[in-house]
Amino acid sequence: MKEKIEATNAFKTLEPLAQRMVSKRANRIQIEDNIIQARNLGLEQWKTQTALCNKWQTIVEQVIKSENDTTL
């Protein structure tokens, strides 16, 4: 999952400090948990319910969309 997160354009455009924050285990687990929630709820429903910061929401969205693109 770490590789999927770091492969997103949203991650790549973050400043180096923000990239290190995302890469920290506790923060990465929070993002991964939100990816699982978005998979289960559906991306649009998840967006209405999440309290995740906007930059991390974009990472979740891009991971979900990339997974959907590869399954089509």
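You'll find the side chain of E61 reaches within 4.5 Å of the side chain of L43, heavy atoms only. Residues R25 and I29 form a side-chain contact, since some pair of their non-hydrogen atoms from C-beta on lies under 4.5 Å apart. Looking only at side-chain heavy atoms (C-beta outward), W46 and Q57 come within less than 4.5 Å of each other.
Of all the heavy atoms in I59 and F11, the pair that sits closest is CG1-N, 4.1 Å. The two atoms that bring E6 and S23 nearest to each other are OE2-OG, 3.5 Å, heavy atoms only.
Scanning for side-chain contact (heavy atoms from CB on, under 4.5 Å) contacts around T13 gives an empty result, with sequence neighbours left out.
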Identify every side-chain donor-acceptor pair in residues 35-42 under 3.5 Å, counting partners at least two apart or on other chains, and give the distances.
unit_1	atom_1	unit_2	atom_2	d
R39	NE	E67	OE1	3.0
R39	NH2	E67	OE2	2.6
N40	ND2	I36	O	3.3

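Side chain of R28 to backbone of V22: no donor-acceptor contact under 3.5 angstrom is found. Listed for the T50 side chain is no donor-acceptor partner under 3.5 Å among the backbone atoms of K47. Remark: the backbone N or O of M1 is not paired with any side-chain donor or acceptor of E32 at under 3.5 angstrom. In this structure, the side chain of N34 engages the main chain of Q30 through a donor-acceptor pair within 3.5 Å. With hydrogens and angles ignored, the 3.5 Å screen pairs no side-chain donor or acceptor of T8 with any backbone N or O of K4.
L52 and M21 are not part of a single hydrophobic cluster, where members link through side-chain heavy atoms under 4.5 Å apart.
Heavy-atom contacts from other residues, nucleotides or ligands closer than 6.0 Å to CD of Q49 number more than 12.
To the nearest 0.5 Å, atom NZ of residue K24 and atom CD of residue Q19 are 13.5 Å apart.
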